[in-house]
Amino acid sequence: AYVTWAGITAGKAPSFYSFTGGGAAWYNFFSPDQQGFNQPDLLAYTASFGGGFSATIAAQSNGSNGASGGGTDLNGVSGLNFNNLSRGNDYFVNGQSIPDFVANLKVVQGWGSAQVSGVGHYVNVTGFNGLQQQKEGWGVDAGVSFNLPTFGAGDKFLVTGAWTQNAVWYSGLPDAMDGELGMTNGNGQQMALADTYENPTGNSFATPTAWSVSAEIDHHFSPEFVGSIEGSYGQVRWTGTDFSSVVSNSNSWLVGAVAHWIPVHNLDFEFEVLYQQSQTQTPNGFVAGAPGSGFNTSFQGRGDGFEGRFEVTRNW
């Protein structure tokens, strides 16, 4: 819940960073979605300039958002997604000390809408051996949506993209396809997605750069039937690792289709199907083809799979 007054927004509310939400819960394309899910606690001020133009500044929580999501501090070193790097030490996030700071510029007019935003994300971690990293992460997001009234009332096309460093949540990659980090339904291996990584020597941390681009088109076949086609592509690249031969760079793409049946006002039967494919440069130690595994070395760390969602929503 949140309250708004005189341009101020306070409470648990959608983030002002992302241009669009990617879907319901975790079933998303690559969007840094903190809108319908994982909403942060925030304090924001929005100034309206007329003509549909506005600007917002906000401070929002980066730690856990309770039952609705884990926040934007990402530590995945102890999970499957880092087994394909030379094993470093686990690390611990030192709680919330500085919030994430967000700013955006937005325009909404008859033709559609557009937004450019940025975020500052503070990385404050301690490694197993006591090594600390306190570093600024950042991200930028931009999107544009065009209304297509000649195709049908309510039709639109949108494209959005994000670029991040040491702030991997804001790339949109961790939130896609049930939050499985590219290992759809357990197939293949997870992408190495975290805000940083402590190298095996215990003397330094590596840096992730992650980005994504997504697009969606909506068409109203009738007031009762609406369809959408969506797609995304993204990458994560690591620098500063101890051994360049075992870096964990990944590419991933997904496509999906969504169908809505709205028999009466405010009642929506929704069905969605998504397919994702991910490719990681170096297979991890638990799959055939990993260095030293003794199995087929032609394996390239590919994983893919389908997921579906059926949801009924009634609004009052």
Side-chain angles (χ1 to χ4, degrees), residues 30 32 62 70 72-93 119-129 131-141 161-177 179-183 188-213 232-253 276-287 289-293 299-303:
F30 295 155
N62 55 348
T72 60
D73 285 327
L74 287 193
N75 171 12
V77 178
S78 60
L80 296 174
N81 59 350
F82 270 80
N83 290 326
N84 52 340
L85 285 169
S86 291
R87 189 66 173 159
N89 294 316
D90 198 1
Y91 68 83
F92 306 92
V93 177
V119 63
H121 176 74
Y122 185 59
V123 178
N124 182 12
V125 300
T126 299
F128 183 78
N129 62 350
L131 181 70
Q132 289 189 333
Q133 184 184 58
Q134 296 176 329
K135 185 175 184 178
E136 296 78 19
W138 57 272
V140 294
D141 183 79
W163 179 283
T164 67
Q165 188 173 94
N166 288 107
V168 73
W169 176 271
Y170 292 101
S171 70
L173 296 179
D175 195 28
M177 284 285 280
E180 294 177 315
L181 308 184
M183 193 177 71
Q189 60 185 317
Q190 290 180 330
M191 296 182 285
L193 295 174
D195 288 339
T196 189
Y197 169 76
E198 185 180 11
N199 282 309
T201 59
N203 297 321
S204 62
F205 287 88
T207 298
T209 299
W211 63 269
S212 71
V213 61
S232 297
Y233 179 80
Q235 296 183 352
V236 58
R237 296 289 183 264
W238 286 86
T239 57
T241 54
D242 279 348
F243 306 103
S244 60
S245 61
V246 289
V247 294
S248 187
N249 296 331
S250 299
N251 307 325
S252 186
W253 60 271
Q276 183 177 12
Q277 183 181 117
S278 302
Q279 184 89 24
T280 297
Q281 180 175 335
T282 306
N284 67 41
F286 293 96
V287 297
S293 67
F299 185 87
Q300 295 298 313
R302 171 179 155 172

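All residue numbers in this chain count up from 1 along the given sequence.
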Colleague: Main chain of Leu74, side chain of Asp195: is a donor-acceptor contact present, judged purely on distance under 3.5 Å?
Modeller: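 Judged by distance alone, yes, a pair lies under 3.5 Å.
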Colleague: Can you name the side chain to side chain contact (heavy atoms under 4.5 Å, CB included) partners of Asn166, sequence neighbours left out?
Modeller: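 Result, side chain to side chain contact (heavy atoms under 4.5 Å, CB included) vs Asn166: Val123, Lys135, Thr196, Thr207, Pro208.
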Colleague: Minimum heavy-atom separation for His121 to Ala167, with atom names?
Modeller: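 Heavy-atom minimum between the residues: CB-CB, 3.8 Å.
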Colleague: For residues Ser171 and Ser212, report the shortest heavy-atom separation together with the two atoms involved.
Modeller: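 Between these two residues, the closest heavy atoms are O-OG, 2.6 Å.
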Colleague: For Tyr197, is there any backbone N or O sitting under 3.5 Å from a side-chain donor or acceptor partner on Trp238?
Modeller: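 Not at all, since once roles are kept as given, no pair shorter than 3.5 Å links the two residues.
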Colleague: Does Phe30 have any ring-ring contact (aromatic ring centres under 6.0 Å, His included) partners at least two apart in sequence or in another chain, and if so, which?
Modeller: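 Once residues adjacent in sequence are excluded, Phe30 has no partner under the ring-ring contact (aromatic ring centres under 6.0 Å, His included) criterion.
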Colleague: Are any non-hydrogen side-chain atoms of Leu181 and Pro174 less than 4.5 angstrom apart?
Modeller: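 Yes, their side chains come closer than 4.5 Å.
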Colleague: Distance from Met177 atom CE to Gln277 atom CD, nearest 0.5 Å?
Modeller: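 Atom-to-atom, Met177:CE and Gln277:CD are 11.0 Å apart.
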Colleague: Considering residues at least two apart in sequence or located in another chain, which fulfil the ring-ring contact (aromatic ring centres under 6.0 Å, His included) criterion with Phe205?
Modeller: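 By the ring-ring contact (aromatic ring centres under 6.0 Å, His included) rule, Phe205 matches no residue at all.
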Colleague: Drop me the distance from Leu173's CG to Thr164's OG1, to the nearest 0.5 angstrom.
Modeller: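 That separation rounds to 7.5 Å.
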Colleague: Can you name the closest pair of heavy atoms from Gly182 and Gln276 and give their distance?
Modeller: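 Closest approach of Gly182 to Gln276: CA-NE2, 3.8 Å.
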Colleague: For Ser232, give me all partners under side chain to side chain donor-acceptor pair (under 3.5 Å), at least two apart in sequence or on another chain.
Modeller: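 For Ser232 the side chain to side chain donor-acceptor pair (under 3.5 Å) partners, ignoring immediate neighbours, are Ser214.
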Colleague: For Thr72, check side chain to side chain donor-acceptor pair (under 3.5 Å) against everything at least two apart and list the hits.
Modeller: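 Here the qualifying residues are Asp100.
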Colleague: Keeping the roles fixed (side chain from Ser278, backbone from Gly303), state whether a donor-acceptor pair exists under 3.5 Å.
Modeller: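 No, the answer is negative, given that no donor and acceptor are paired below the 3.5 Å cut-off.
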Colleague: Side chain to side chain contact (heavy atoms under 4.5 Å, CB included) with Thr209: which residues, sequence neighbours excluded?
Modeller: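 If we apply the side chain to side chain contact (heavy atoms under 4.5 Å, CB included) test to Thr209, skipping adjacent residues, the hits are Trp163, Gln165.
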Colleague: Can you list the residues that meet the side chain to side chain donor-acceptor pair (under 3.5 Å) rule with Ser204, with sequence neighbours excluded?
Modeller: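 Checked Ser204 against side chain to side chain donor-acceptor pair (under 3.5 Å); matches are Asn199.
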Colleague: Closest approach of Arg237 and Ser250, non-hydrogen atoms and distance?
Modeller: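 Scanning both residues completely, I find the closest heavy atoms to be NH1-O, 3.1 Å.
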Colleague: As an exercise, state the distance from CD of Gln134 to CG of Asn124, rounded to the nearest 0.5 Å.
Modeller: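 Output value for this atom pair is 4.5 Å.
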Colleague: Applying side chain to side chain donor-acceptor pair (under 3.5 Å), name anything that partners Glu136, two or more places apart in sequence or on another chain.
Modeller: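 With sequence neighbours excluded, Glu136 shows a side chain to side chain donor-acceptor pair (under 3.5 Å) to no residue whatsoever.
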